[in-house]
Amino acid sequence: MSDLVTGFPGFIGRRLVRRLLADDPERRVVCLVEARMLDAARKTADGIDAERIELLAGDIGERRLGLGDADYARLAGSVRRVHHLAAVYNLAVPFAIAQRVNVEGTGNVLELCRDADGLERLAYVSTAYVAGARTGTVYEHELVLGQRFKNHYESTKFQAEVWVRELLDRVPTTILRPAIVVGDSQTGETEKFDGPYYLLRTMAKAAKLHGPVAQFGRSEATFNVVPVDFVVDAMVAAAGDPAAVGETLHLVDPDPLSTKQLVTTLSREYNGREPRGRISPKAVETVLRIPAARAALDNIPRESLVYLNHPVHFDTRRAVDLLTPHGLRPPGFPEYVAAMVRFFREHEDDPAYSPK
């Protein structure tokens with residue numbers, strides 16, 4: 001029996017595979033990998049444990065995962081747990097691509113799960129932002145409440161989770177909804193400087209001009225981030241816990257900083273100074289439509305800015321109930337901001353970390 005992982009060799013996927021193999025010396029992992037990513041996947045597997053990692057060329061966007069009959073039958077007959085991470089996370093993704101990967105891809109994984117007689121668990125990685133433009137408190141059991149969406153990423157992840165929930169009586173599933181995932185809480189390691197790292201990139205540019213950064217975003221909004229090591233630990237714990245079958249867990253910071261606190265905390269850590277002045281959300285939105293001004297703000301995409309202006313709180317009661325016995329809790333942002341900023345400082349001029 002083996003575990004199937006999609007989304008390898010991505011940042012979360014490769015950390016998940018490393019953890020799965022470290023936890024069980026008898027475990028083998030099959031990674032479904034797009035053909036174009038095979039070379040990178042082989043290199044990553046070699047650095048983990050190539051003998052216990054099988055790389056299977058396929059495509060979640062195709063029926064039967066793009067596999068031949070023999071490979072599909074072998075996988076369906078041997079898979080014990082499926083960890084479905086693969087998705088398009090780009091907030092500016094065109095609808096057709098998001099639909100193919102996030103929705104149809106999830107449907108094709110669900111088809112394998114239905115065909116796998118020995119399946120113990122599907123660990124499906126959704127996102128807290130299936131809540132779309134909802135404000136106030138969002139509970140883990142909620143999904144379809146007539147919400148609008150800020151982008152195609154959110155709307156297609158919503159569609160995919162609807163599909164997953166429709167099969168809960170046929171596929172033993174745990175749904176995991178992370179907030180915005182940042183680097184490791186201990187080392188600061190991340191894959192690319194996007195999301196909240198755009199704030200650090202703007203601060204770096206301001207520092208080179210010997211100026212402070214201004215506050216921007218709605219002060220009363222919250223900005224929810226969680227470190228990747230907590231997300232992976234929670235995924236592994238939940239996938240192996242019988243009590244988590246049929247549950248939906250928010251992997252979020254239960255006490256997130258406000259946008260104002262976030263900018264202040266990052267500015268203090270990076271610049272050793274307080275932000276000065278404030279730019280209204282509407283003004284920032286207008287500025288980002290001007291190419292020269294957008295460049296001055298280090299090309300922050302408008303699609304990311306909306307998350308600085310969104311007053312929403314994600315309830316975590318089921319996540320707390322299920323993860324606390326495993327000794328897991330999400331660290332607060334002030335606990336790991338130093339590691340995050342340190343890693344950024346060490347790599348801020350490295351183009352390998354620029355968002356693609």
Any non-hydrogen side-chain atom of Pro254 less than 4.5 Å from a side-chain atom of Val320?
no
Minimal non-hydrogen separation, Gly183 against Thr190, with atom names:
CA-CB, 3.9 Å
Which pair of non-hydrogen atoms, one from Pro178 and one from Val252, has the smallest distance, and what is that distance?
C-CG1, 4.5 Å
Working note: Val225 + Met340, criterion side chain to side chain contact (heavy atoms under 4.5 Å, CB included); need CA distance, chi angles, decisive distance, verdict.
CA-CA 12 Å; Val225 297; Met340 178 180 172; over 6 Å; no
Give the C-alpha distance, both sets of side-chain angles, the deciding distance and a yes or no for side chain to side chain contact (heavy atoms under 4.5 Å, CB included) between Gln147 and Glu142.
CA-CA 11 Å; Gln147 63 265 49; Glu142 297 175 330; over 6 Å; no
Under 3.5 Å donor-acceptor, Thr127 side chain and Tyr129 backbone
yes
Salt-bridge contact Arg177-Glu140 (side-chain N to carboxylate O under 4.0 Å)
no
Side-chain donor or acceptor of Asn102 paired with backbone N/O of Val88 under 3.5 Å:
yes
Hey, quick one: are Leu67 and Ile53 part of the same hydrophobic cluster, counting side-chain heavy atoms closer than 4.5 Å, chains of contacts allowed?
no
Look up atom CG in Leu176 and atom NE2 in His250, then write down how far apart they are to the nearest 0.5 Å.
11.0 Å
Taking all non-hydrogen atoms of both residues, which atom of Gly47 and which atom of Arg18 are closest, and how far apart?
O-NH1, 3.7 Å
The test is salt bridge (charged side-chain N to carboxylate O under 4.0 Å, His left out); show your working for Glu111 and Arg63 and say whether it passes.
CA-CA 8 Å; Glu111 188 173 66; Arg63 294 294 298 273; 2.4 Å; yes
Separation of Thr173 OG1 from Glu161 CD (nearest 0.5 Å)
10.5 Å
Side chain to side chain contact (heavy atoms under 4.5 Å, CB included) with Thr6: of Ile60, Val125, Leu65, Asn108, only one passes, and it is Ile60
Rounding to 0.5 Å, atoms CG (Leu322) and CG (Leu249) come to a distance of 5.5 Å
Under the side chain to side chain donor-acceptor pair (under 3.5 Å) rule, what do Asp315 and Thr137 come out as? Steps first, then yes or no, please.
CA-CA 7 Å; Asp315 187 78; Thr137 300; over 6 Å; no
Pairwise side-chain contact, Arg318 with His141, heavy-atom cut-off 4.5 Å (strictly under)
no
Got a sec, which pairs hit side-chain hydrogen bond (donor to acceptor under 3.5 Å, both in side chains) with one end in residues 334-346, sequence neighbours left out?
Arg329-Glu335
Around atom CG of Asp321, are there more than 12 heavy atoms of other residues, nucleotides or ligands at under 6.0 Å?
yes
Checking Arg201 side chain against Glu348 main chain: does a donor-acceptor pair fall under 3.5 Å?
no
A side-chain contact here means heavy atoms from C-beta on lying under 4.5 Å apart; do Ile12 and Met235 qualify?
yes
The salt bridge (Lys or Arg N to Asp or Glu O under 4.0 Å) partners of Asp69 (sequence neighbours excluded) come to Arg64
Does Arg114 have more than 12 heavy atoms from other residues, nucleotides or ligands lying within 6.0 Å of its CZ?
yes
Thr44 versus Pro9, closest heavy-atom pair with distance
OG1-CB, 3.6 Å
Could you walk me through whether Leu266 and Phe333 satisfy the side chain to side chain contact (heavy atoms under 4.5 Å, CB included) test, starting with their C-alpha distance in whole Å, then the side-chain angles of each, then the deciding distance to 0.1 Å, before giving a yes or no?
CA-CA 10 Å; Leu266 287 172; Phe333 188 73; 3.7 Å; yes
Under 3.5 Å, side chain of Gln261 to main-chain N/O of Leu257, donor-acceptor pair present?
no
Are Leu85 and Leu32 in one and the same hydrophobic cluster, where Ile, Leu, Val, Met, Phe, Trp and Tyr link if side-chain heavy atoms are under 4.5 Å apart?
no
Can you tell me how far the OH atom of Tyr139 sits from the CG atom of Leu145, to the nearest 0.5 Å?
12.0 Å
Leu308 backbone acceptor or donor facing Thr259 side chain under 3.5 Å:
yes
Using a 3.5 Å distance criterion without hydrogens, assess whether the side chain of Thr174 forms a donor-acceptor pair with backbone atoms of Glu247.
no
Does Asp24 come within less than 4.0 Å of Arg52, counting only side-chain N to carboxylate O?
no
Glu104 side, atom CD; Thr156 side, atom OG1 - distance, nearest 0.5 Å
10.5 Å
Salt bridge check: are Arg19 and Asp233 linked by an N-O gap of less than 4.0 Å?
yes
Name all pairs fulfilling the ring-ring contact (aromatic ring centres under 6.0 Å, His included) condition that reach into residues 13-34, sequence neighbours left out, sorted by first residue then second.
none
Nearest-0.5 Å distance, CZ of residue Arg80 to CZ of residue Arg121
10.5 Å
Do the side chains of Ile48 and Phe8 get nearer than 4.5 Å, heavy atoms only?
yes
Nearest heavy-atom approach of Tyr307 to Glu154 is OH-OE2, 2.6 Å
Common cluster, Val306/Val181, ILVMFWY with side-chain heavy-atom separation under 4.5 Å:
no
Between Leu199 and Val263, is any pair of side-chain heavy atoms under 4.5 Å apart?
yes
Set of residues satisfying side-chain contact (heavy atoms from CB on, under 4.5 Å) with respect to Thr135, sequence neighbours excluded:
His310, Pro311
Answer yes when Asp46 and Lys43 have at least one side-chain N-carboxylate O distance shorter than 4.0 Å, and no when they do not.
no
Hey, is the main chain of Ser185 close enough, under 3.5 Å, to the side chain of Asp229 for a donor-acceptor pair?
yes
Val5 side chain reached by Leu20 side chain, heavy atoms, under 4.5 Å:
yes
For a quick check under 3.5 Å, do Thr248 and Arg165 share a side-chain donor-acceptor pair by atom type?
yes
Met203 side chain reached by Ser267 side chain, heavy atoms, under 4.5 Å
yes
Expected output: side-chain Asn271 to main-chain Arg273 donor-acceptor under 3.5 Å:
no
Pair Tyr353 and Tyr197, ring centroids less than 6.0 Å apart
no
Decide side chain to side chain contact (heavy atoms under 4.5 Å, CB included) for Val164 and Leu110; before the verdict, give the C-alpha distance in whole Å, the side-chain angles of both, and the deciding distance to 0.1 Å.
CA-CA 7 Å; Val164 171; Leu110 287 169; 4.2 Å; yes
Quick one: hydrophobic cluster around Val130, which other residues, with the 4.5 Å side-chain cut-off, linked directly or via members?
Leu143, Val144, Phe149, Phe158, Val162
Determine whether Val82 and Val101 fall in the same hydrophobic cluster, where Ile, Leu, Val, Met, Phe, Trp and Tyr are linked whenever their side-chain heavy atoms lie under 4.5 Å apart.
yes
Selection residues 98-124 - residue pairs positive for ring-ring contact (aromatic ring centres under 6.0 Å, His included), sequence neighbours left out:
His84-Tyr124
Taking every non-hydrogen atom, the tightest pair across Pro330 and Phe230:
N-CE1, 3.5 Å
In one Ile/Leu/Val/Met/Phe/Trp/Tyr side-chain cluster, 4.5 Å: Leu75, Val29
no
